[in-house]
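The structure appears below as structure tokens.
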2 protein chains.
Amino acid sequence: MQNSFTEENYLKIIHALSGRDGGEVSTNALAESTATRAASVTDMLRKLAEKGLINYKKYQGVTLTEQGEKVAIKVIRKHRLWEVFLVEKLGFGWDEVHDIAEELEHIPSEILVEKLDNFLGHPRFDPHGDPIPDAKGNLTEPDYKVLTDVHVGEKVRMMGVLDHAPSFLQHLDRSGIKLGSVIEVKEINEYDKSASVQIDGGQSLFISLEVSKNLLVQRR
Amino acid sequence: MQNSFTEENYLKIIHALSGRDGGEVSTNALAESTATRAASVTDMLRKLAEKGLINYKKYQGVTLTEQGEKVAIKVIRKHRLWEVFLVEKLGFGWDEVHDIAEELEHIPSEILVEKLDNFLGHPRFDPHGDPIPDAKGNLTEPDYKVLTDVHVGEKVRMMGVLDHAPSFLQHLDRSGIKLGSVIEVKEINEYDKSASVQIDGGQSLFISLEVSKNLLVQRR
DNA sequence: AAAAAAATTTAGGCTAGGCTAAATTTTTTA
DNA sequence: TAAAAAATTTAGCCTAGCCTAAATTTTTTT
């Protein structure tokens, strides 16, 4: 049986909120993420549980079943592939594609996804650095670190973002920080943890703790 | 205000059914095309009329208002552009794209359409030969003729199809008839109006009246 | 370990878009 | 042109997803 647009969204969000450990997700957290009320979430949880997509016991929060996980990962795959298409082929900025991909991800057609993947050359990461699950549903999260964990003197490579908000991405654009940029931490201020960094061996700039916390990087 | 997926579909179908003359479309015709019951159509018509998208008087059939026509043409533009994308870029067959485009056409985003149009190189026709409305909403139907109106001895070019059913398109594939093919009518059988034709100066074959009726052609 | 607070669920409703059955209007036929 | 048939609308219901208010359960405080 097919899952609705709304059901797919719930599964995707449960996946995101349960994190690497696959821990329980609360009704309230879901209400916040879906921009609905807790009572509405409860309704949907009952329905998803009946369909065997989540493990749900009243008052205890939910986790995805294996089947639910599969559906969620398919949606994530579609979302990220469409984002690549929008940026690489259509010329959108990385700050503009989220809402459109949010719609495209629910277009139902296995063949479409596979042809799209093929057309794009089987990309491994989306424009924000998030990994794209493969056709079999394998999703491997690379273990990047957050820039706040980098010591003075280290040179790292920018690999992704935690915050996907357009305003944050635009801020990075203005700062000249993009995927692949080399960031050298020159100095960290004790007081507010803001940092002085050098981008790609050129431009020096200050970045706030708020920014550092949302930058995923990798030692080189 | 935004129109729903369903509302857009009604407008698109009313456009298609009212033909070149913009004539009234009946409730029953809409029920058939939308695969719903007449009573449901009546409900929707009331709603579309309230929104100013159609001219509706009880029992009298409907026509599109100028505003409704605009919406319909936008949907058609999106549908046909996506079909070009699916065939030209993703490698789908012309018989496989209708249902997927039916979903994609409702993705809301003006910018997306324009970027897609640009990416595709501003195509004028979709993979079935149907004209693509321009960004301003101009839709000019070329006046092709149907193959049944072609006399013996004439050579014409295949420009489109009236029937978009996969089975018909696949039949054309098997017959080697595609957009742009030159068709020379060698003989027409009085009895059943079937015809003997030559395709691109090579392959000769018989085509039934049913096929002739659905082929749009142009004198050269 | 009670009491208070927070989280969650239940009860009862609402809207969009469907449906069936019955009523009404228009069209066709005799 | 009146009766029959066909088309259309109205009335009353249904489901998916959402809502508020009230009830219930869990968690936190004192």
Side-chain angles (χ1 to χ4, degrees), chain A residues 1-14 17-19 23-64 68 71-72 75 99 102-103 105-108, chain B residues 1-14 17-19 23-64 68 71-72 75 99 102-103 105-108:
Chain A
M1 168 199 351
Q2 273 282 104
N3 304 300
S4 73
F5 186 107
T6 309
E7 288 166 346
E8 286 188 352
N9 265 334
Y10 268 86
L11 296 173
K12 182 186 63 172
I13 292 172
I14 293 169
L17 295 180
S18 56
E24 282 80 19
V25 176
S26 75
T27 298
N28 265 1
L30 282 169
E32 163 134 31
S33 289
T34 55
T36 63
R37 299 318 187 97
S40 310
V41 172
T42 301
D43 286 347
M44 182 57 79
L45 294 184
R46 198 171 335 95
K47 190 173 155 197
L48 291 172
E50 257 163 40
K51 287 181 111 179
L53 296 165
I54 60 173
N55 304 114
Y56 173 52
K57 268 194 254 154
K58 290 203 295 190
Y59 298 99
Q60 308 302 312
V62 294
T63 58
L64 293 175
V71 175
V75 175
D99 292 352
E102 205 77 2
E103 302 278 336
E105 74 190 7
H106 302 291
I107 303 282
Chain B
M1 168 197 352
Q2 273 282 108
N3 303 301
S4 73
F5 186 107
T6 309
E7 288 166 346
E8 286 188 351
N9 264 333
Y10 269 84
L11 297 173
K12 183 186 61 173
I13 291 171
I14 293 168
L17 294 181
S18 56
E24 281 81 21
V25 176
S26 75
T27 299
N28 265 2
L30 282 169
E32 163 134 32
S33 289
T34 56
T36 63
R37 298 319 186 99
S40 309
V41 172
T42 300
D43 285 348
M44 182 56 79
L45 294 184
R46 197 169 337 93
K47 190 173 155 196
L48 291 172
E50 258 165 39
K51 286 181 112 178
L53 296 166
I54 60 173
N55 304 114
Y56 173 51
K57 268 194 255 154
K58 289 203 295 188
Y59 298 100
Q60 308 303 313
V62 294
T63 57
L64 293 176
V71 175
V75 175
D99 292 354
E102 205 78 1
E103 302 278 335
E105 74 190 8
H106 302 290
I107 303 283

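So that the names make sense, note that chain A is the first sequence line, chain B the second, and so on, each numbered from 1.
We find the CG-CG distance between A/N55 and A/L48 to be 11.5 Å, quoted to the nearest 0.5 Å.
Between D/dT9 and B/T27, a contact under 4.0 Å exists linking OP1 or OP2 to a side-chain N or O. Put simply, B/Q60 has no side-chain N or O that comes within less than 4.0 Å of OP1 or OP2 on D/dT8.
Here A/S40 lies in heavy-atom contact (under 4.0 Å) with a base.
B/P108 and B/Q2 get closest at one heavy-atom pair: CB-NE2, 3.8 Å. For A/E8 against A/E105, the heavy-atom pair with the smallest separation is OE1-O, 4.1 Å. Nearest heavy atoms, A/Y56 versus A/R46: CE2-N, 4.2 Å.
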Passes side chain to side chain contact (heavy atoms under 4.5 Å, CB included), A/L11 versus A/I54? Steps please. CA-CA 8 Å; A/L11 296 173; A/I54 60 173; 4.0 Å; yes
Evaluate B/N9 against B/H106 for side chain to side chain contact (heavy atoms under 4.5 Å, CB included), listing each step before the verdict. CA-CA 9 Å; B/N9 264 333; B/H106 302 290; 3.2 Å; yes
Can you check side chain to side chain contact (heavy atoms under 4.5 Å, CB included) on B/T34 and B/Y10, steps first, answer last? CA-CA 7 Å; B/T34 56; B/Y10 269 84; 4.1 Å; yes
Give the C-alpha distance, both sets of side-chain angles, the deciding distance and a yes or no for side chain to side chain contact (heavy atoms under 4.5 Å, CB included) between B/L30 and B/L45. CA-CA 10 Å; B/L30 282 169; B/L45 294 184; 3.9 Å; yes
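In this entry the distance linking CZ of A/F5 with P of D/dC18 reads 10 Å, nearest Å. Here the C1' atom of nucleotide C/dT9 and the CE atom of A/M44 are 16 Å apart, to the nearest Å.
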Below 3.5 Å between N/O atoms, which protein atoms pair up with nucleotides 10-12 of chain C? Just atom names and distances, please.
| unit_1 | atom_1 | unit_2 | atom_2 | d |
| --- | --- | --- | --- | --- |
| C/dT10 | OP1 | A/K58 | NZ | 2.7 |

Find every protein N or O atom lying less than 3.5 Å from an N or O atom of nucleotides 1-5 of chain D, and list the pairs.
none

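Comparing A/Y10 and B/L45 by the nucleotide of DNA chain D that holds the closest heavy atom to each, the one mapping nearer the 5' end is B/L45.
Within the 4.5 Å cutoff, no side-chain heavy atoms of B/L53 are placed close to those of B/I14. In this structure the side chain of A/T36 never reaches within 4.5 angstrom of the side chain of A/M44, judged on heavy atoms.
Contacts between residues 28-37 of chain B and DNA chain D, defined by a heavy-atom separation under 4.0 Å, are made by B/N28.
Ion pairing between a basic and an acidic side chain is recognised when a charged N comes within 4.0 Å of a carboxylate O; A/K12 and A/E102 show such pairing.
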